[in-house]
Chemist: 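Have a look at this one.
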Number of protein chains: 2
Amino acid sequence: MSAIADVARLAGVAKATASRALSGRGYVSTETRDKVIAAAREIGYVASPNAASLVTGRTQSVGVIIPFISRWFFGEVLESLEFALLEQGYDMTLYNLPPASPERDRVFEFFLARKRFDGIISVGVALSEQEVDHLHRLGRPLVGVGGPIRGVPTIEIDDVAAARLATEHLLSLGHRDIVHVGGSQVDEMDFHVHSNRLRGFQAAMLAAGLSVSGCFYSAEFTMPGGYERGLALLGDPRRRPTAIFAASDEIAFGLILAARELGIRVPTELSVIGIDGHPHAEMFRLTTLAQHPRAQGELAVRTLVAELASRSGTGESTVLPTSLIIRSSTSAPRVRGT
Amino acid sequence: MSAIADVARLAGVAKATASRALSGRGYVSTETRDKVIAAAREIGYVASPNAASLVTGRTQSVGVIIPFISRWFFGEVLESLEFALLEQGYDMTLYNLPPASPERDRVFEFFLARKRFDGIISVGVALSEQEVDHLHRLGRPLVGVGGPIRGVPTIEIDDVAAARLATEHLLSLGHRDIVHVGGSQVDEMDFHVHSNRLRGFQAAMLAAGLSVSGCFYSAEFTMPGGYERGLALLGDPRRRPTAIFAASDEIAFGLILAARELGIRVPTELSVIGIDGHPHAEMFRLTTLAQHPRAQGELAVRTLVAELASRSGTGESTVLPTSLIIRSSTSAPRVRGT
DNA sequence: AGCTTTCATGGAACCGGTTCCATGCTGGCC
DNA sequence: GGCCAGCATGGAACCGGTTCCATGAAAGCT
């Protein structure tokens, strides 16, 4: 509708002056600035970001790649990213790229290649060297959330340490017969979270002098996934462990429900610990190792904005802390025979 | 990096010809087209959408407003929107606007007002007449999902009918003492889903000659919300109904867990029905009235694309069907005394 | 007083595409 | 053979901003 030329005409100044007045860059007298702003308001002028980005190269828009939207961790990260970006004046364009998505190449080569974004945030999608190079050639900063990407600042938790901590909690309560239920390597998400959590579990067990053979069971990373696995695993009393370390809270919820259904009391007969800090954990009284996805999202935005400002790429990766929240899904194992 | 002028030079043609060859509009000989395409590929040319939209007015990008990301219904709609838009070659820019968000005005007046979107999809956010006018003045088509917006094509289910159907299912099993647990009007989402589902419930009850006074209890629209309400409601055996109609599956899950915890057998002593068709319903064996959020998202995109193509605004609102999925959380009430 | 900064503003080029218009060529038709 | 339609292409204007450069006035310095 109305262009900056109209504003300039109405205010009786040149386009250049109007542009300076509205953007705040360059010299403009207070008087002129007020006149221009008044004129802009009068005709309801809104700047076209397209025209501006054409010449500045800045789009005030960030692309976000994420494999899931409805899983808790990703939903939380997404909400915090959106909020933080909006606050900084950036639009967020979303690409949902499930593992092994056929759209993946198209998104990278077509959608992300266009100069539409000032930067890109990849949540839980590990990028190949080729993809990183591709994006770097565009000169756009890149920030990862959820795991390391070669040469790219990322925000993550230490999955190995978190898993070890969770396992050590069970060990410290006196459990010896512990099982880990986590994601399979086959449908591993990009960032090795599954195998890292498994490694942390094994490290803790081995350090306690325990064997880890036969102590891992895979499950889908959801509540029904944990439930299914729980029914199968806990159904046979002779093979039943005294404690389970679940790779996610949602799996843990499913396990707890399966235990209840089988008449196994938690924590008396079975302790369960998860990783996440899911808001439903309170309701299930689940002991969990909380990570803080919203903090990860906010930090990712801060990191990206800093890269954008400095153009120096000094960005370091950051490992955020986790916190053990003890509720009543874990306790010392029942003494045999009681 | 490389502009269309470079492609044209390399191919030995004019910019205009290169543009026609790459966009497929206007006359170009097959020979020339191949030459241009080869040149473009050689230097890795990717068109700048900014430059193109500056002159065409088309941005190939759609803005989506949504109040929640992590609630099931919204997550599903979002995923289907993203997928369908990508397929049509559109980017999706996301604005997360919780009820009573302080950012709301800013999003409408600043972010959406810029000519950055070809169209806007509003999911579960009812727009005021003023906001609709504001967006219409931009000449951008608008599609709603989840409830009617004046003068705007929307995709929705009939919440009143769905609630009535769910209630009638309980009535047909022989229940007379039925309670509705739903969202409160106070934190009503924009589209009157809460009050519509309550109205449908009341209509069914009244049609069966039953009183509705004292038959409604509010809960947060989440599993813990249903759980809390369930503990309070079912704790007193004398006030306990024989069946509950929950306004969402997540509330229903919470109710079922509360019942289990109180030793109330479902469905023998208590029938529960929900609305949604949540994937976890299978695990809880929940009878539910399924709506199909992905279908709603896909249809919203089809509607928007049609509006975009015709510019005629013929778009009609569509009411999508729901389907009753009977599982084993509902049965005839136990005969008194057994 | 004369010279250099600093401030304020306007004119024009430019970002990278699309599209209008003009031109020239070829071929079908009467 | 002459005319018109259809095809193919190039030149130039244009979309709506930003920014470089030039100009000039006011203020600071010696």
Side-chain angles (χ1 to χ4, degrees), chain A residues 1-37 39-40 43-61 89 91 110 113-118 138-140, chain B residues 1-37 39-40 43-61 89 91 110 113-118 138-140:
Chain A
M1 298 286 118
S2 57
I4 201 171
D6 304 326
V7 176
R9 199 176 314 123
L10 183 60
V13 299
K15 262 175 68 180
T17 306
S19 172
R20 279 187 292 255
L22 293 170
S23 69
R25 275 182 292 273
Y27 294 117
V28 192
S29 71
T30 329
E31 196 189 358
T32 312
R33 167 170 296 123
D34 292 346
K35 225 166 40 182
V36 171
I37 290 176
I43 61 176
Y45 168 77
V46 180
S48 155
N50 289 316
S53 31
L54 191 52
V55 43
T56 61
R58 288 299 193 87
T59 62
Q60 292 296 99
S61 178
D91 277 334
F110 179 62
R114 305 174 303 170
K115 317 188 190 126
R116 192 165 252 187
F117 306 115
D118 289 346
L138 300 172
R140 299 278 173 263
Chain B
M1 299 285 119
S2 57
I4 201 172
D6 303 327
V7 176
R9 198 176 316 122
L10 183 59
V13 299
K15 262 175 68 181
T17 305
S19 172
R20 279 187 292 255
L22 292 170
S23 69
R25 273 183 293 273
Y27 295 117
V28 192
S29 71
T30 329
E31 196 190 358
T32 313
R33 166 170 297 122
D34 292 346
K35 223 165 44 182
V36 171
I37 290 176
I43 61 176
Y45 168 76
V46 180
S48 155
N50 289 318
S53 29
L54 192 53
V55 42
T56 59
R58 289 299 195 88
T59 62
Q60 293 296 98
S61 178
D91 277 334
F110 178 62
R114 304 174 302 170
K115 316 190 191 122
R116 194 164 251 187
F117 307 115
D118 289 345
L138 299 173
R140 301 277 174 264

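Proteins come first, then strands; the chains are lettered A, B, ... in the order of their sequence lines, and each starts at number 1.
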Chemist: Please state how far atom CZ in A:Arg114 lies from atom C1' in C:dG16, giving the value in whole angstrom units.
Modeler: 15 Å
Chemist: Which atoms of nucleotides 5-7 of chain C (N or O only) lie under 3.5 Å from a protein N or O atom, and what are those distances?
Modeler:
unit_1	atom_1	unit_2	atom_2	d
C:dC7	OP2	A:Tyr27	OH	2.3

Chemist: Check the distance between D:dC14's C1' and A:Asn50's CG and give it to me in whole angstrom.
Modeler: 15 Å
Chemist: Rounded to the nearest 0.5 Å, what separation is found between the CG atom of A:Asp118 and the CD atom of A:Gln60?
Modeler: 6.0 Å
Chemist: For the residue pair A:Thr32 and A:Ser29, what are the closest heavy atoms and their distance?
Modeler: OG1-OG, 2.6 Å
Chemist: So, is A:Thr32 close to the C:dT9 phosphate, meaning a side-chain N or O under 4.0 Å from OP1 or OP2?
Modeler: yes
Chemist: Rounded to the Å, how far apart are A:Arg9 CZ and C:dT9 P?
Modeler: 19 Å
Chemist: Hey, what do you get for OG1 (A:Thr59) to CZ (B:Arg116), rounding to the nearest 0.5 Å?
Modeler: 6.0 Å
Chemist: Rounded to the nearest angstrom, tell me the gap between atom CG in B:Leu54 and atom C1' in C:dC14.
Modeler: 12 Å
Chemist: Drop me the distance from B:Arg25's CZ to B:Ser19's OG, to the nearest 0.5 angstrom.
Modeler: 7.0 Å
Chemist: Checking the side chain of B:Asn50 only, and the main-chain atoms of A:Asn50 only, is there a donor and an acceptor separated by less than 3.5 Å?
Modeler: no
Chemist: Got a donor-acceptor contact below 3.5 angstrom from the A:Asp34 side chain to the A:Glu31 backbone?
Modeler: no
Chemist: Report all interatomic pairs (protein N or O, nucleotide N or O of nucleotides 17-24 of chain C) with separations under 3.5 Å.
Modeler:
unit_1	atom_1	unit_2	atom_2	d
C:dG17	OP1	B:Tyr45	OH	3.4
C:dG17	OP2	B:Ile4	N	2.5
C:dG17	O5'	B:Tyr45	OH	2.7
C:dG17	N7	B:Lys15	NZ	2.9
C:dG17	O6	B:Lys15	NZ	3.0
C:dT18	OP2	B:Ser19	OG	2.4
C:dT19	OP2	B:Arg25	NE	3.2

Chemist: To the nearest 0.5 Å, what is the distance between NZ (A:Lys15) and CD1 (A:Ile4)?
Modeler: 8.0 Å
Chemist: What is the distance from atom CZ of B:Arg9 to atom OG of B:Ser2, rounded to the nearest 0.5 Å?
Modeler: 11.0 Å
